Amino acid sequence: MSERSLSDWLSDAGDTLDDRGLEYGDPRHNLLRIYKIARQLGVQLRDPSDLALVFIATKLSRMVESPEREDSYRDLIGYSAILAFTRFQTPEDWDAVELDSEL
């Protein structure tokens, strides 16, 4: 792996999140769509932030098999930011987006 500064990793992770936002829309809306799909499939989640934990677990599992993939580390930083974003929102913030209006 290349030697990069912490700020480089953080900047790259931010760029990736921005790119995903352009491609998939507002991260909160995307996460809520996934949450709704999971609920419809019968997956029991406490709240949408649990999905970020699932994303982190998936990435960690992949990193065990392929530890040299730099994009996995960037993704892990991004998923951690999504977890923080979702965990530090108030319930009213989540309620502001209607879960049943999409899909």
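Bear in mind that the values here come from a model prediction, so they are computed numbers and not experimental data.
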Q.
Within the 4.5 Å heavy-atom criterion, are Arg87 and Leu53 side-chain neighbours or not?
A. yes
Q.
I'd like to check the side-chain contact (heavy atoms from CB on, under 4.5 Å) partners of Ala38; sequence neighbours left out, ordered by chain and number.
A. Val43, Leu45
Q. Do the side chains of Tyr35 and Ser49 get nearer than 4.5 Å, heavy atoms only?
A. no
**Q.** Shared hydrophobic cluster, Leu6 / Tyr79 (ILVMFWY, side-chain heavy atoms < 4.5 Å)
**A.** yes
Q: Could I get the full list of salt bridge (charged side-chain N to carboxylate O under 4.0 Å, His left out) partners for Asp71, not counting sequence neighbours?
A: Arg69
Q | Set of side-chain contact (heavy atoms from CB on, under 4.5 Å) partners for Ser61, sequence neighbours left out | A | none
(Q) Applying a strict under-4.5 Å side-chain criterion to I, L, V, M, F, W and Y, I'd like to know whether Leu10 and Leu83 cluster together. (A) yes
Q. Short question: side chain of Tyr73, backbone of Glu68 - any donor-acceptor pair under 3.5 Å?
A. no
(Q) Restricting to salt bridge (charged side-chain N to carboxylate O under 4.0 Å, His left out), what partner residues turn up for Asp75, sequence neighbours left out? (A) Lys59
**Q.** Side chain to side chain, Ile34 and Ile37, heavy atoms closer than 4.5 Å
**A.** no
Show me the donor-acceptor pairs, under 3.5 Å and distance only, between side chains in residues 13-20 and residues at least two apart or in other chains.
| residue | atom | partner | partner atom | Å |
| --- | --- | --- | --- | --- |
| Thr16 | OG1 | Asp12 | O | 3.0 |
| Thr16 | OG1 | Arg74 | NE | 2.9 |

Q: Kindly write out the residues that satisfy side-chain contact (heavy atoms from CB on, under 4.5 Å) with Leu60, not counting sequence neighbours, or none if the list is empty.
A: Ile56, Met63, Leu76
